[in-house]
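To start, the structure under review is shown below, and the notes come after it.
Within every chain, numbering begins at 1; the chains are lettered A, B, ... in the order of the sequence lines, protein sequences first and strands thereafter.
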Amino acid sequence: MINITLPDGSIKEFPNSPTGADIAKSISEGLFRNCVAVEIDGEIKDLNCKIEKDARVRLITTKDKDALGIMRHSAAHVMAHAILCLYKQAKLTIGPIIEDGFYYDIDMEPVSQEDFLKIEAEMQKIIKAKLPFARKEIGKKEALEFYKEDPYKTELISELEDGTISFYSQGDFTDLCRGPHVPHTGFIEAVQLTKVSGAYWRADQKNDQLQRIYGTAFFSQKELKAYMRFLEEAKKRNHRKVGAVLDLFSFHDEARGMPFFHAKGMEIWNTLLDFWRKEHKKAGYIETKTPLILNRKLWEKSGHWENYRENMYTTKIDEEDYAIKPMNCPGGMLLYGLKPRSYKDLPIRAAEIGLVHRHELSGVLSGLFRVRAFHQDDAHIFMTEAQIHDEILGVLRFAEKIYSTFGLDFHLELSTRPEQFIGTDEQWETATSGLEAALKIYNKEYKINEKDGAFYGPKIDMHIEDALGRTWQCGTIQLDMSLPERFDLSYIDNRNEKVRPIMIHRVIYGSVERFLGILIEHFAGRFPLWLSPVQIIILPINDEIIPYAEKVKAEFENKNFKVEIDKRTESLNKKVRNAQINKIPLIVTIGAKEKEADTLSVRTLDGKVKYGIAKKEFIDKVIDNISDKNLKLIF
RNA sequence: GCCAGCGUAGCUCAGCUGGUAGAGCUACUGAUUUGUAAUCAGUGGGUCGGGGGUUCGAGUCCCUCCGCUGGCUCCA
């Protein structure tokens, strides 16, 4: 007898080695039809996997959060199967699932999106056939024999241990795979190929370039359609597009990857930095500024010349080598080292909006998200060991305050010591536990990325989440055990001894350019009033009223509102349409009635119009919205 | 840098298998003086990304360079 414990605690008895399918059927036929896999004592297995001993069992239905990944992995197999049918000489490599779908890296002739239709058609045949996925455990020798013509699979198998190797087949297709899979191909209800790219075998440029074909799959056409709508929405919000319509910035061939900001872009830029400066001052930061071009000797001292050279722009001045800074830290070190420091001075929180240049590969440039010149909202905090966790905690709380002002939620990731590192075990221990202690007090869940820290210290990354649920790494807090050493920084402690300070680098916006890009997409160009480059547009109803409208405009400007007036002899409808397209939050129409009554009619971007609002009331409300940094206009 | 796709007026796009470039919006001019998402008419605007080639003839075919987009790699 086998005793199966179900998640609700109930126990079912089976005479001999039941499968997940048997268990499902014993409960209901409907449940069985929706089951894709089964979790046995915490491990997810195929539904037809025999359960040989008493176990805790959880049936995974299509509704389960684990189901989607299992099915997408099966979809990757189906795609590979279809491709092998169409491209006989293709060789498969790896085909994992990713965040919103799957891909398969295949050694084959280059394909383009036009080929998707026929691949998808072939996939549909396989799906319609409802071919069962069959697992076969196989010896290493046999596996190598099976793939003797295939260098990729041979390489993969040779890294596996004998006894752990399994193959999965559907129809005449077989692939090396750990599993699990859905019971049959018919579970792949909605599937679509999304993109192709070249990808190197084992991510190494020296290796062959493979075709990476991406796809996504869902349990229903409805979900697939919703996902496609999401992609559409993201496209509509694309900051490059919105930035052009709103006249915020542009790119020119004369300076690839280096944005030009227009007047309206600068309005937002300055608002972002005004806010930033005010908050930093309140949080006990000083602001500094270091030069753009610094002597090679400094970069040699900091280690950048050795480790970061290929990303640096260099130049010669008076026969000496210089580099345009790719990071602000070495300059910051010089400022700290300027004079003897006392423990009483610490912590020193020195911020710098530093313009850095990095020579990124041409292919990676992407709007404001990936550029070659950008401003970091940097700060270097110098402190004693005892101050580590207070300072880290301070930065976390500070960042939260900043992000929440934009309505951005975020999550944290801690990266620990990598394979290659400098410093002693003890230093790493102190540093890492300092970060962890702060995270614990901060009391927000965080993910640990083992061995993902910088070689010079552990770090905490802050990933914000935008209105579409996409995440972006913005903030980072990096403990640096290298630079204070290299620059021989010190402070005098209370026993008159020289001590090396602990230093962190931290950014909150990250790159101001990129943060602005994220905000554009987050708000879809409809900035909250305090951030809007144009807050109010005045639409005079006819030419006669223009002088009065100008007076109102001057009045608004006196209050520091960002206001424009549309004096064109166009229909009101057209001017309204224009203002809506330009996403100006407050569209104010002025005609004889308004002049008479000292009122305004105010249209907001939702298309609603309020007539007869007293001018004074309007001004007060605008002031309130701006000073409260309201995310939603309260009017 | 690599793979794939793309590059026609300021913007959005049309231009079939090669036969000497087109629309809407914008801009400008005139009329209209407008009450909440495009008033009407007229005018201007392009060495079809650059260069080279094939051809009697190239926006269209080929080569090459540049740029853009999606990925790879890297990262803020």
Q | Watson-Crick or G-U wobble mate for B/rA58, both contacts under 3.5 Å | A | none

(Q) Roughly how many Å apart are B/rG50 and B/rU43, using the C1' atom of each and rounding to a whole number? (A) 31 Å

Q.
Using the C1' atom as the point on both nucleotides, what is the distance between B/rU73 and B/rC16, in whole Å?
A. 41 Å

Q | side chain to side chain donor-acceptor pair (under 3.5 Å) partners for A/Tyr104, two or more places apart | A | A/Lys153, A/Asp175

Q: Give a yes-or-no answer on whether the side chains of A/Thr416 and A/Glu450 include a donor-acceptor pair shorter than 3.5 Å.
A: yes

**Q.** Partner of A/Glu233 by side-chain hydrogen bond (donor to acceptor under 3.5 Å, both in side chains), out of A/Lys235, A/Arg237, A/Arg229
**A.** A/Arg237

Q: Check whether more than 12 heavy atoms from other residues, nucleotides or ligands sit under 6.0 Å from atom NZ of A/Lys567, and answer yes or no.
A: no

Q.
Quick check: on RNA chain B, is the nucleotide nearest A/Lys574 upstream (toward 5') of the one nearest A/Gln209, or the reverse? Name the residue that is more 5'.
A. A/Gln209

Q) Does B/rC6 pair with anything, Watson-Crick or G-U wobble, both distances under 3.5 Å, and if so, with which nucleotide? A) B/rG67

Q: Write down the distance separating the P atoms in B/rC40 and B/rG24, rounded off to the nearest Å.
A: 12 Å

Q. Using the ring of each side chain (for Trp, its six-membered ring), is A/Trp269 parallel, tilted or perpendicular to A/Phe261, with breaks at 30° and 60°?
A. tilted

Between side-chain atoms of residues 586-596 of chain A and protein atoms elsewhere (two or more places apart, or another chain), which donor-acceptor pairs fall under 3.5 Å?
{"residue": "A/Glu594", "atom": "OE1", "partner": "A/Gly591", "partner atom": "N", "Å": "2.8"}
{"residue": "A/Glu594", "atom": "OE2", "partner": "A/Ser601", "partner atom": "OG", "Å": "3.1"}

Q. What interatomic distance, in whole Å, is found between P of B/rG10 and the corresponding atom of B/rC72?
A. 34 Å

Q) More 5' along RNA chain B: A/Tyr200 or A/Asn238, using each one's nearest nucleotide? A) A/Tyr200

Q) For RNA chain B, which residues in residues 587-599 of chain A have a heavy atom at a distance below 4.0 Å? A) A/Thr589, A/Gly591, A/Ala592, A/Lys593, A/Glu594

(Q) Between B/rA9 and B/rG5, how far apart are the two P atoms, rounded to whole Å? (A) 22 Å

Q | B/rC13 and B/rC6, which share atom name C1', separated by this distance in whole Å | A | 14 Å

Q: Would you classify A/Ser601 as touching base, sugar-phosphate or nothing, given that sugar-phosphate means primed atoms plus P, OP1 and OP2, and contacts are heavy atoms under 4.0 Å?
A: base

List the atom pairs, with distances to 0.1 Å, where a side-chain N or O of residues 238-245 of chain A and a protein N or O form a donor-acceptor pair under 3.5 Å, not counting sequence neighbours.
{"residue": "A/Asn238", "atom": "OD1", "partner": "A/Arg240", "partner atom": "N", "Å": "2.8"}
{"residue": "A/Asn238", "atom": "OD1", "partner": "A/Arg240", "partner atom": "NE", "Å": "3.1"}
{"residue": "A/His239", "atom": "ND1", "partner": "A/Glu521", "partner atom": "OE2", "Å": "2.9"}
{"residue": "A/His239", "atom": "NE2", "partner": "A/Leu368", "partner atom": "N", "Å": "2.8"}
{"residue": "A/Arg240", "atom": "NH1", "partner": "A/Ser366", "partner atom": "OG", "Å": "3.4"}

Q) Roughly how far apart, to the nearest Å, are B/rU33 and B/rU39 at atom P? A) 14 Å

Q: Have a look at A/Arg370 and say if it touches a base, only the backbone sugar-phosphate, or nothing, with a 4.0 Å heavy-atom cut-off.
A: base

Q: Using only heavy-atom distances, determine whether the side chains of A/Glu413 and A/His411 contain a donor-acceptor pair under 3.5 Å.
A: yes

Q.
Any base atoms under 4.0 Å from A/Val507, or only sugar-phosphate, or nothing? Heavy atoms, all strands.
A. nothing

(Q) Only pairs with both distances under 3.5 Å count, Watson-Crick or wobble alike; so what is the partner of B/rU73 in this structure? (A) none

Q: For A/Asp208 and A/Tyr152, test the side chains for any donor-to-acceptor distance below 3.5 angstrom and give the result as yes or no.
A: yes

Q: With a 4.0 Å heavy-atom cut-off, tell me which residues in residues 249-258 of chain A come close to RNA chain B, sorted by residue number.
A: A/Asp253, A/Arg256

Q: Assign A/Arg212 to base, sugar-phosphate, or nothing according to its heavy-atom contacts below 4.0 angstrom with the strands shown.
A: sugar-phosphate

Q. At under 4.0 Å between heavy atoms, what does A/Glu360 touch on the DNA or RNA strands: base, sugar-phosphate, or nothing?
A. base

Q) What nucleic acid atoms does A/Val512 come within less than 4.0 Å of, heavy atoms only: base, sugar-phosphate, or nothing? A) nothing

Q. What do you reckon, is NZ of A/Lys451 surrounded by more than 12 foreign heavy atoms closer than 6.0 Å?
A. no

Q.
Whether A/Lys118 and A/Glu122 form a salt bridge (side-chain N of Lys/Arg under 4.0 Å from carboxylate O of Asp/Glu) is what I want to check.
A. no

Q) If the C1' atom of B/rG35 is compared with that of B/rA27, how far apart are they to the nearest Å? A) 27 Å

Q.
Taking pairing as Watson-Crick or G-U wobble with both contacts under 3.5 Å, can you name the mate of B/rG44, or confirm there isn't one?
A. none

Q.
Partner lookup for B/rC13, please. Criteria are Watson-Crick or G-U wobble with both distances under 3.5 angstrom; report none if nothing qualifies.
A. B/rG22

Q) Which nucleotide of RNA chain B is the first, and which the last, in the 5' to 3' direction, to come under 4.0 Å of a heavy atom belonging to chain A? A) B/rG1 to B/rA76

Q.
Partner lookup for B/rU36, please. Criteria are Watson-Crick or G-U wobble with both distances under 3.5 angstrom; report none if nothing qualifies.
A. none

Q) Which atom names give the shortest non-hydrogen contact between A/Val563 and A/Lys553, and what distance separates them? A) O-CE, 3.7 Å

Q) Is it true that A/Asp606 and A/Arg526 make a salt bridge, defined as a side-chain N closer than 4.0 Å to a carboxylate O? A) no

**Q.** Given A/Trp472, A/Phe515, A/Phe523, A/Trp276, the one that forms ring-ring contact (aromatic ring centres under 6.0 Å, His included) with A/Phe406
**A.** A/Phe515

Q. Across the strands shown, which category fits A/Glu570 at heavy-atom distances under 4.0 angstrom: base, sugar-phosphate, nothing?
A. base

Q: Would you mind classifying the nucleic acid contact of A/Tyr214 as base, sugar-phosphate or nothing, using non-hydrogen atoms under 4.0 angstrom?
A: sugar-phosphate

Q.
Taking any heavy-atom pair under 4.0 Å as a contact, classify A/Asp543: base, sugar-phosphate, or nothing.
A. base

